[in-house]
Amino acid sequence: MIRYVLFTLLSLAGLGLITPVSAQSGKSIHRFADEVFPRFDTLNNVVYGQAINLKGQSETLKLDLFLPEKGDTLRKRPLLIFIHGGGFQNNDKVGAFSSMVCSSMARRGYVASSINYRLGLTASKSDTAYFDALYRAVQDAKAAVRFFRKNADLYGIDPDQIFVMGSSAGSKTAMHLAYLDQSEVPSWVDTKRLGTLEGISGNPGYSSKVRGVINCWGAMIDYRWMQPGDAPIFNVHGMADVTVAYDSSFSYHGFRHGSTILYDHALKMGIPTGLQLFEKTGHTLDNDKVKQQAALGEISHWLFTQLLQNEPKNGPEVFKWSTEVQQLTHLDSTTKDPQNAILFSGSSYIRRWTTIARDLAPIPIIHRGYGGAKLNDFAYYISRIVKAHRLKAAVFYVGNDIVGVLVDKTPLQVLNLVKNVTRQVQAIHPDLPIFWIQVSPNPKRWPVWDQTSAANELIRQYCEQTPNLHFIETAYTFLGPDGKPIPSLYDADTLHLNEAGYKRWAVIIKKSLMVLK
């Protein structure tokens, strides 16, 4: 009877009719965001193509499939293709990390697949040999993508939601599949011998385009192959990796641009992205299952945010405020900044602060808030906002990344975006004091105050550890004796501050700015 009830709940959830509830916690669980299926089914050694390998032999290309259990009624499910590592020389589609990932994705309601591809390097093991090996791997991976589009109905796959993920060499393959166009292939590559990137490994006539990429401890040869409008990317890397650099401090056979370079570039291109770094951790996260599980948690959350069901109706959010930011830059070109001015920028808490000059007098202010900014678009626009000014300091507040919806940023992703914005400002104004105002509590978003507090704490720690960076703690002034927000300090929307709230905010901010000489 218990199994029948669980089966019914999961089936209805697959149709989108209900959201199951965990009996243990009472917390709602959601398909794709959580592991809603207790079991999964597998299909092993499915042939997806055939190609000539380095030895001149015809090689059969195989994959394994992981699917939600047969009772699943949803017939158009996102697909995650996993590509194993091994330096293009060894390893197999069956591995501990690939199994961890694929089984978890199947339990979440995805279809997942781990693929084999042609391996091997020429005796020289030169950078050219590695590029040739990458090229062959990309050809095979593209054939796998086409295979699943060809057989989408058979396996219950949504052909518009195919993602690729890799480990090490597999990540390199996944990224170059997504971002390297034929016109960008270096002139020294022997394409007459290797053929086109699409290759002839199988399943012609179908697109090999993917919706997103997950890079685990991989690197690209040239990050500039990633252009506006390209697939989103999430990056995971150990900061003590001596095999593949997490930054660009060394090259692995021509693969120089690691996770932080790709993350920063994606933000500049307006491409949705995410990053998780592990300190004192090497390649493959040292095969530490706890760290790999932690990475999988961030990956699965980010992947959920990239699904079609969560796509903004009016296009990428990062471009939503382009008109307002253009107006700010026009204002910069038509007005003269006061001497020793402090820039205030960020989301609506800043934009709506119409009494800022009076409240912070006699401090000279440059007021540049816009819209309902989130940190990813703030990272996209920040250089335009700050570059025109000669500043004494900059004060930032962005409070819309954790609001109580399933596509909220995690505290870690909030921190990474704060770091990116900070680095961009410091690159333009190297010695500029920067202040991050604590994201404030408010009645409307009080249910997620614990998550907001976790993000605030990460930002506070980062500020304490970084020269010329300051954290302005303000939450206490908005909380009453019961530990909850004081209603009289907020507008009718229960989100934004009213005049009384701004006056309290101003007192703390003004006092914090006294550290400036």
Side-chain angles (χ1 to χ4, degrees), residues 80 82-88 91 95-98 100-101 130 134 163-179 212-226 231-269 271-303 306 376 379 409-420 422-423 458 462:
L80 177 66
F82 188 97
I83 310 171
H84 70 79
F88 302 109
N91 285 347
F97 186 57
S98 62
M100 177 193 297
V101 170
Y130 272 86
L134 167 76
F163 299 83
V164 286
M165 174 179 180
S167 169
S168 193
S171 285
K172 296 166 189 152
T173 302
M175 290 188 288
H176 290 84
L177 180 159
Y179 304 125
V213 181
I214 299 166
N215 160 38
C216 294
W217 39 95
M220 285 188 68
I221 293 170
D222 190 340
Y223 67 87
R224 292 168 297 184
W225 291 336
M226 187 189 300
I233 181 170
F234 189 91
N235 304 275
V236 179
H237 225 120
M239 297 178 72
D241 193 331
V242 296
T243 303
V244 179
Y246 78 96
D247 47 17
S248 59
S249 55
F250 62 90
S251 171
Y252 175 89
H253 302 288
F255 298 88
R256 177 173 290 279
H257 302 111
S259 292
T260 58
I261 306 301
L262 302 174
Y263 174 75
D264 290 346
H265 183 66
L267 286 172
K268 287 182 180 179
M269 295 294 102
I271 296 171
T273 188
L275 174 70
Q276 186 174 22
L277 298 176
F278 289 82
E279 295 182 353
K280 300 179 181 179
T281 303
H283 202 56
T284 70
L285 304 187
D286 299 327
N287 292 319
D288 185 318
K289 297 299 183 291
V290 174
K291 291 179 180 179
Q292 290 181 346
Q293 283 284 3
L296 181 55
E298 287 286 325
I299 288 167
S300 59
H301 179 87
W302 179 85
L303 188 60
Q306 302 307 308
N376 59 320
K409 294 283 191 300
T410 65
L412 176 60
Q413 297 313 312
V414 169
L415 172 65
N416 286 330
L417 287 163
V418 165
K419 289 182 175 181
N420 177 273
T422 300
R423 288 194 300 269
L458 291 175
Y462 170 59

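Being a predicted model, the structure only gives us computed values, none of them experimental.
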Quick check: do [X] and [Y] have side-chain heavy atoms less than 4.5 Å from each other?
X    : Y    : result
L277 : N416 : no
V244 : W217 : no
F88  : T173 : yes
D288 : T281 : no
T422 : Y462 : yes

Just by modelled atom types, is the [Y] backbone N or O under 3.5 Å from a matching donor or acceptor in the [X] side chain?
X    : Y    : result
S171 : C216 : yes
H84  : G95  : no
S167 : G170 : no
Q293 : M100 : no
H265 : I261 : no
Q276 : N235 : no
S248 : H257 : no
Y179 : A231 : yes
T260 : Y246 : yes

Quick check: closest heavy atoms across [X] and [Y], and the distance to 0.1 Å?
X    : Y    : value
A174 : G166 : CB-N, 4.4 Å
G274 : Q413 : CA-OE1, 3.4 Å
P272 : Q306 : CB-OE1, 3.6 Å
L275 : S259 : CD1-CB, 4.0 Å
L80  : I214 : CD1-CD1, 4.2 Å
K172 : A219 : CG-O, 3.2 Å

Open item on the list: One pair to check against side-chain contact (heavy atoms from CB on, under 4.5 Å): L458 and V414. What are the steps and the verdict?
Closed with: CA-CA 9 Å; L458 291 175; V414 169; over 6 Å; no

Task: Aromatic plane relationship, W302 with F234 - under 30° parallel, 30 to 60° tilted, over 60° perpendicular - done: tilted

- [ ] Please lay out, stage by stage, how M175 and W225 fare under the test side-chain contact (heavy atoms from CB on, under 4.5 Å).
- [x] CA-CA 10 Å; M175 290 188 288; W225 291 336; over 6 Å; no

Open item on the list: Pairing donors with acceptors under 3.5 angstrom, does anything connect the side chains of T243 and H283?
Closed with: no

With rounding to the nearest 0.5 angstrom, report the [atom1] to [atom2] distance, [X] to [Y].
X    : Y    : atom1 : atom2 : answer
N420 : D264 : CG    : CG    : 5.0 Å
M269 : L267 : CE    : CG    : 10.0 Å
F82  : F97  : CZ    : CZ    : 5.5 Å
M220 : F255 : CE    : CZ    : 9.5 Å
M165 : I83  : CE    : CD1   : 10.5 Å

- [ ] Could you check I299 against V101 for side-chain contact (heavy atoms from CB on, under 4.5 Å), going step by step and ending with a plain yes or no?
- [x] CA-CA 10 Å; I299 288 167; V101 170; over 6 Å; no

TODO: Using the test salt bridge (Lys or Arg N to Asp or Glu O under 4.0 Å), find all partners of D286 that sit at least two apart in sequence or belong to another chain.
DONE: none

Task: salt bridge (Lys or Arg N to Asp or Glu O under 4.0 Å) against D247, all qualifying residues, sequence neighbours excluded - done: none

Open item on the list: If you count heavy atoms of other groups shown closer than 6.0 angstrom to CZ of R423, is the number above 12?
Closed with: yes

Task: Residues, nucleotides or ligands: over 12 heavy atoms within 6.0 Å of K291 NZ - done: yes

- [ ] List the steps and the verdict of side-chain contact (heavy atoms from CB on, under 4.5 Å) for N215 and L262.
- [x] CA-CA 10 Å; N215 160 38; L262 302 174; 3.9 Å; yes

